[in-house]
Amino acid sequence: MALEVDVMAWLEIKDKDRIPVSGLCTFGRTAGNTILLKTPKASRRHAMIHEQDGEFWVVDLGSTNGIQVNGERVTHPVRLRNGDHIQMPDTAYTFRQETQPETPVKPRRAPPLHQNRLTVADIRLKKCWILVADLQGFTKMSQKVPAEELAPLVGKWMADCQEIVREHKGVLAKFLGDGFLAYWTDRDETSASVAAACREFQALQESGALPFRIMLHYGVVSFGGHSPDASHTMIGPELNFAFRLEKVAARLELLWIFSDAAADLLQEHLPLTSCGAQKVPDFAQDRCCFTLAT
């Protein structure tokens, strides 16, 4: 029997109605944002709240005047908790979230399209490309660089990366504090799309704004139930393997690391060179890894 989980979140403004939050909620000065900030202090793309697996994360998109959560300047994606106070330019919100207990439900017909707040558990296996990116030395950087300088840099990096993934038909599934997880489900043209995204990420690295690593793997991942406007729940050993590749990249002091499975499909699109068989933490068998040729 399936389980349904009812997750509700909203923003409260003093003396005003609740603003529901789900999926991707953007804030900014220009039309096209979910919530319009009617002040010249706001940037055109100021910030966003991103729902992922029932959690809500706030991200500064490189704004000039920034945002604060509970009085602290946001310098990287921050998970919101019930009751958190969010300060945007000239506007303050209180974040609220309620999660109802999981309850068994009888099988039923598919709900109408507008009924999208309930998630029905549904597990599917899909071949996909898994990309993990993380900022190098972010902890030390955050201790040395003032928050008012670091926040716009990290925010712009996040926004630029999100645009690269979106432009090349990928999905940015999760923000990870100092990085993110993205994926592409496998189609005939996906290898070329992933390679094109890699070239743009390489150009972003070479711009010198912030140092970051890219880990790329290809395999079968389990996707859990999701609402139409929220990110998928991804689980499985292939996903864990993609994250463990970061340890290999750090050990070899590389900005790029490709698994053998990813390299087999990308070698006709990108100049790759072998790093030899490598021990991947938590996996018994050594795996041949690759990096971008210089």
Side-chain angles (χ1 to χ4, degrees), residues 50 52 59 62 76-77 127-141 153-186 190-219 221 231 234 238-276 278-281 283 287-294:
H50 187 258
Q52 48 194 55
V59 183
H76 60 284
K127 292 182 178 179
C128 68
W129 297 83
I130 309 163
L131 185 147
V132 179
D134 75 325
L135 291 168
Q136 288 182 270
F138 179 76
T139 301
K140 291 182 179 179
M141 190 188 313
L153 287 175
V154 175
K156 186 177 186 307
W157 177 74
M158 289 283 185
D160 289 344
C161 289
Q162 184 183 38
E163 179 60 21
I164 290 172
V165 172
R166 185 201 64 80
E167 180 182 349
H168 296 288
K169 304 177 182 179
V171 177
L172 200 158
K174 290 186 179 183
F175 290 100
L176 304 167
D178 59 352
F180 63 88
L181 165 68
Y183 72 88
W184 286 255
T185 52
D186 193 32
T190 306
S191 295
S193 295
V194 172
C198 287
R199 287 189 287 269
E200 290 202 31
F201 280 124
Q202 185 179 29
L204 189 58
Q205 287 174 329
E206 292 172 352
S207 71
L210 287 173
F212 65 97
R213 283 195 182 94
I214 295 284
M215 285 61 68
L216 192 60
H217 180 47
Y218 176 85
V221 174
S231 61
M234 303 170 64
E238 301 292 347
L239 181 64
N240 297 336
F241 183 84
F243 278 98
R244 298 299 184 271
L245 284 176
E246 190 276 334
K247 298 295 185 182
V248 179
R251 185 175 69 241
L252 299 178
E253 299 183 345
L254 296 172
L255 292 180
W256 288 86
I257 197 80
F258 298 81
S259 69
D260 46 3
D264 285 346
L265 297 170
L266 286 177
Q267 56 187 354
E268 64 178 295
H269 301 286
L270 295 172
L272 303 178
T273 184
S274 175
C275 304
Q278 300 293 329
K279 171 63 179 175
V280 179
F283 287 83
R287 294 280 292 269
C288 188
C289 297
F290 294 75
T291 191
L292 276 179
T294 54

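If you're wondering where the values come from, they're calculated on a predicted model, not measured in any experiment.
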Closest heavy-atom contact between Cys288 and Ser274?
-> SG-OG, 3.5 Å

Is the Phe241 ring parallel, tilted or perpendicular to the His217 ring (thresholds 30°, 60°)?
-> tilted

Compare all side-chain heavy atoms of Phe258 with those of Leu270 and state whether any distance is below 4.5 angstrom.
-> yes

Under 3.5 Å, side chain of Thr291 to main-chain N/O of Trp256, donor-acceptor pair present?
-> yes

With side chain to side chain contact (heavy atoms under 4.5 Å, CB included) as the test, would you mind laying out the steps for Leu176 and Leu181 before giving the verdict?
-> CA-CA 7 Å; Leu176 304 167; Leu181 165 68; 4.2 Å; yes

Which class fits the ring pair Trp157 and Phe180: parallel under 30°, tilted 30 to 60°, perpendicular over 60°?
-> tilted

What distance separates Gln278 CD from Ser259 OG, expressed to the nearest 0.5 Å?
-> 13.0 Å

Provide the closest heavy-atom pair for Ala293 versus Thr273 in the form atom of the first, atom of the second, distance.
-> CA-CG2, 4.2 Å

For the pair Thr185 and Tyr183, evaluate side chain to side chain contact (heavy atoms under 4.5 Å, CB included) and give the outcome as yes or no after the intermediate values.
-> CA-CA 7 Å; Thr185 52; Tyr183 72 88; 3.9 Å; yes

Spatial distance of atom CG (Leu292) from atom CD (Gln205) [nearest 0.5 Å] = 8.0 Å

Look only at the side chain of Gln52 and the backbone of Phe175, and say whether a donor-acceptor pair between them is shorter than 3.5 Å.
-> yes

Below 4.5 Å, heavy atoms only, C-beta onward: do Met141 and Leu210 meet side chain to side chain?
-> yes

Indicate yes or no: at least one non-hydrogen side-chain atom of Leu266 is less than 4.5 angstrom from one of Leu216.
-> yes

Can you measure from CZ (Arg244) to CG (Leu239) and round to the nearest 0.5 angstrom?
-> 9.5 Å

Rounded to the nearest 0.5 Å, the CZ atom of Arg251 sits from the CD atom of Glu246 at a distance of 11.0 Å

Side chains of Thr190 and Trp129: closer than 4.5 Å at any heavy-atom pair?
-> yes

Separation of Leu131 CG from Ile214 CD1 (nearest 0.5 Å) = 4.5 Å

Which atom of Glu238 lies closest to which atom of Ile130, heavy atoms considered = O-CD1, 3.8 Å

By side chain to side chain donor-acceptor pair (under 3.5 Å) - contacts of Glu200 (at least two apart) | His168

Least distance between heavy atoms, Val221 atom then Cys128 atom = CG2-SG, 3.6 Å

Look up atom CG in Leu272 and atom CG in Asp260, then write down how far apart they are to the nearest 0.5 Å.
-> 12.0 Å

Close side-chain approach of Met215 to Phe243, heavy-atom, < 4.5 Å = no

Please check if any side-chain donor atom of Asp264 sits under 3.5 Å from a side-chain acceptor atom of Tyr218, or the reverse.
-> no

Would Val165 and Phe201 count as a side chain to side chain contact (heavy atoms under 4.5 Å, CB included) if you check the C-alpha gap in whole Å, the side-chain angles of each, and the deciding distance to 0.1 Å?
-> CA-CA 9 Å; Val165 172; Phe201 280 124; 3.9 Å; yes

Output all residues satisfying side chain to side chain contact (heavy atoms under 4.5 Å, CB included) with Lys247, sequence neighbours left out; order by chain, then residue number.
-> Pro281

Kindly give the heavy-atom pair with the smallest separation between Met234 and Ala173, and that separation in Å.
-> SD-CB, 4.2 Å

